[in-house]
There are 2 protein chains.
Amino acid sequence: MPLIERLPKKQRHQHLLKLIEENPFVTDRELTRELKVSIQTIRLDRMELGIPELRERMKQMAEHSYDQVRSLPLDEVVGEVVDLQLDKSGISIFEIREDHVFSRTHIARGHYVFAQANSLAVALINDEIALTASADIRFLRQVHLGEKCIAKAYVRSMNGHKGKAKVEVFTYVGEEMVFQGNFVIYRSTAEDIIEGGM
Amino acid sequence: MPLIERLPKKQRHQHLLKLIEENPFVTDRELTRELKVSIQTIRLDRMELGIPELRERMKQMAEHSYDQVRSLPLDEVVGEVVDLQLDKSGISIFEIREDHVFSRTHIARGHYVFAQANSLAVALINDEIALTASADIRFLRQVHLGEKCIAKAYVRSMNGHKGKAKVEVFTYVGEEMVFQGNFVIYRSTAEDIIEGGM
DNA sequence: ATCATTTTAGAACCTGGTACTAAAACAGTA
DNA sequence: TACTGTTTTAGTACCAGGTTCTAAAATGAT
């Protein structure tokens, strides 16, 4: 059992990591020329380091970037409002479809679940203008493809008839709560300018 | 030379284009099942339409996203990542268009601004799975139709190599900060189950 | 000299294709 | 009906860039 001079291998591993980080599109064969070892050694090294093959690396990058690109087309109304008592409470339903999930995992992107809650919170406010000022949100468990999110929103406070309203939203899949958020909504009857908020 | 009834082929081409656009990761074999023709026909169709093979498509996507600072010439694509240093920082640009605003006020809906920030925060995390766990967000001023939102995200902490990461996002229109958010992102290398989070 | 580790070699097999040849099925027309 | 042209299907050989497995050789430490 060699005890010293074990560096070459570790050094090569470091070098390998660096090379692949520099150029993730490098093949094993190209690496042999750089590292001066056989292709089998390269492959053993990759195994030990847990580095996937070139094609898998490319696939991961492609999926990653694809997920970014397709991540925005939210519909005008996110979720169907099935019950609405202005300034009091409301319920909306939103089914997670193919468009709303990460392709790899089939788990819903957070901003869709947020969008449902945000839309409902804004819809609840009985004023001409209602914009989200801030929010404090928590995703309690993943939501999967095909699941139906039921968001329930309650107006908690109502600073006069102008100003801010606090709305609490709970989103469920069946019995389970999957999301919870506290929204502060700016409200205004006229088109007067609000110093902040959306 | 058949002159009429030439539709089936063109129809199939349209269908093929749509299928591949919907899911660029589809293999020829999978397409045969959808289109009910032989794999050779699929391949002839791809040839005629100039659609490269799956691996080439993935490679192009991967290369495209790898190309660090891409051309600013904003695509139609909203929330385009123009700079990305994994696990460190990133920048994305999103132009507010008709679809993204309240029709009355021409003010952007909050969840679009949130979506840009959320997507960027998730994109930043260099792991197979990255889901938003919670967020604390603030809309600092309204964003109007036509304005360009530039989101800058920074990874602030990195609980080991599994677990949670904290990402801070600032969104600007010109010099003005319009949004600020603190995201907690769950991260995981494997497909192991995460108890909560999106 | 001996023994464990490390490296190399080689063969079989895999996916998701390309390139090419050729037969069959389908259509329209003379 | 027979001929012609397009379209579809089938099949083979080949490719890159690997994985998986077995096994031999080189290296180094004691």
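Labels below follow one simple rule: chain letters A, B, ... track the order of the sequence lines, proteins then strands, and each chain is numbered from 1. Values below: all heavy atoms of this structure, side chains included; hydrogens, waters and symmetry mates excluded. Since we're looking at a predicted model, the values are computed, not measured.
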Colleague: Under 4.0 Å between a side-chain nitrogen and a carboxylate oxygen: does that hold for A:Glu147 and A:Arg141?
Modeller: yes
Colleague: By the rule that ILVMFWY residues connect when side-chain heavy atoms come within less than 4.5 angstrom, directly or transitively, which residues belong alongside A:Ile91?
Modeller: A:Val82, A:Ile93, A:Ile150
Colleague: Separation of B:Leu16 atom CG from D:dT8 atom P, in whole Å?
Modeller: 12 Å
Colleague: Should A:Arg187 and A:Asp87 count as an ion pair when the cut-off is N to O under 4.0 Å?
Modeller: yes
Colleague: Measure the distance from NZ on A:Lys9 to P on C:dT8 and round it to the nearest whole Å.
Modeller: 11 Å
Colleague: For DNA chain C, which residues in residues 41-57 of chain B have a heavy atom at a distance below 4.0 Å?
Modeller: B:Arg43, B:Arg46, B:Glu53, B:Leu54, B:Arg55
Colleague: Measure from CD on A:Gln11 to P on C:dT6 and round the result to the nearest Å.
Modeller: 15 Å
Colleague: If you link I, L, V, M, F, W and Y whenever their side-chain heavy atoms are under 4.5 Å apart, who else ends up in the same group as B:Val26?
Modeller: B:Leu16, B:Leu17, B:Leu19, B:Ile20, B:Leu31, B:Leu35, B:Val37, B:Ile42, B:Leu49, B:Ile51
Colleague: Just by distance, no angles: are the side chains of A:Ser92 and A:Gln116 close enough, under 3.5 Å, to form a donor-acceptor pair?
Modeller: yes
Colleague: Whole angstroms only, please: what is the NZ-P distance between B:Lys10 and D:dT8?
Modeller: 13 Å
Colleague: Have a look at the helix from C:dA1-D:dT30 to C:dA30-D:dT1 and give the angle its two end axes make, five pairs each, rounded to 10 degrees.
Modeller: 10°
Colleague: Return the value, rounded to whole Å, for the distance between atom CD of A:Gln40 and atom P of D:dA24.
Modeller: 15 Å
Colleague: Contact list please: residues 23-39 of chain B against DNA chain D, heavy atoms, distance less than 4.0 Å, in numerical order.
Modeller: B:Val37, B:Ser38
Colleague: Are any non-hydrogen side-chain atoms of A:Leu140 and A:Gln180 less than 4.5 angstrom apart?
Modeller: yes
Colleague: Given A:Phe114, which of B:Ile137, B:Asn118, B:Thr132 fulfils the side chain to side chain contact (heavy atoms under 4.5 Å, CB included) condition?
Modeller: B:Ile137
Colleague: Do B:Lys152 and B:Tyr172 meet the cation-pi criteria used here (NZ or CZ under 6.0 Å from the six-membered ring centre, within 45° of the axis)?
Modeller: yes
Colleague: Would A:Arg109 pass as a cation-pi partner of A:Phe102, given that its NZ or CZ must be under 6.0 Å from the six-membered ring centre and within 45 degrees of the axis?
Modeller: yes
Colleague: Does anything in residues 38-51 of chain B pair up under salt bridge (Lys or Arg N to Asp or Glu O under 4.0 Å), and if so which pairs, sequence neighbours excluded?
Modeller: B:Lys9-B:Glu48, B:Arg12-B:Asp45, B:Asp28-B:Arg43, B:Asp28-B:Arg46
Colleague: Would you call A:Leu86 and A:Leu84 a side-chain contact if the rule is heavy atoms closer than 4.5 Å?
Modeller: yes
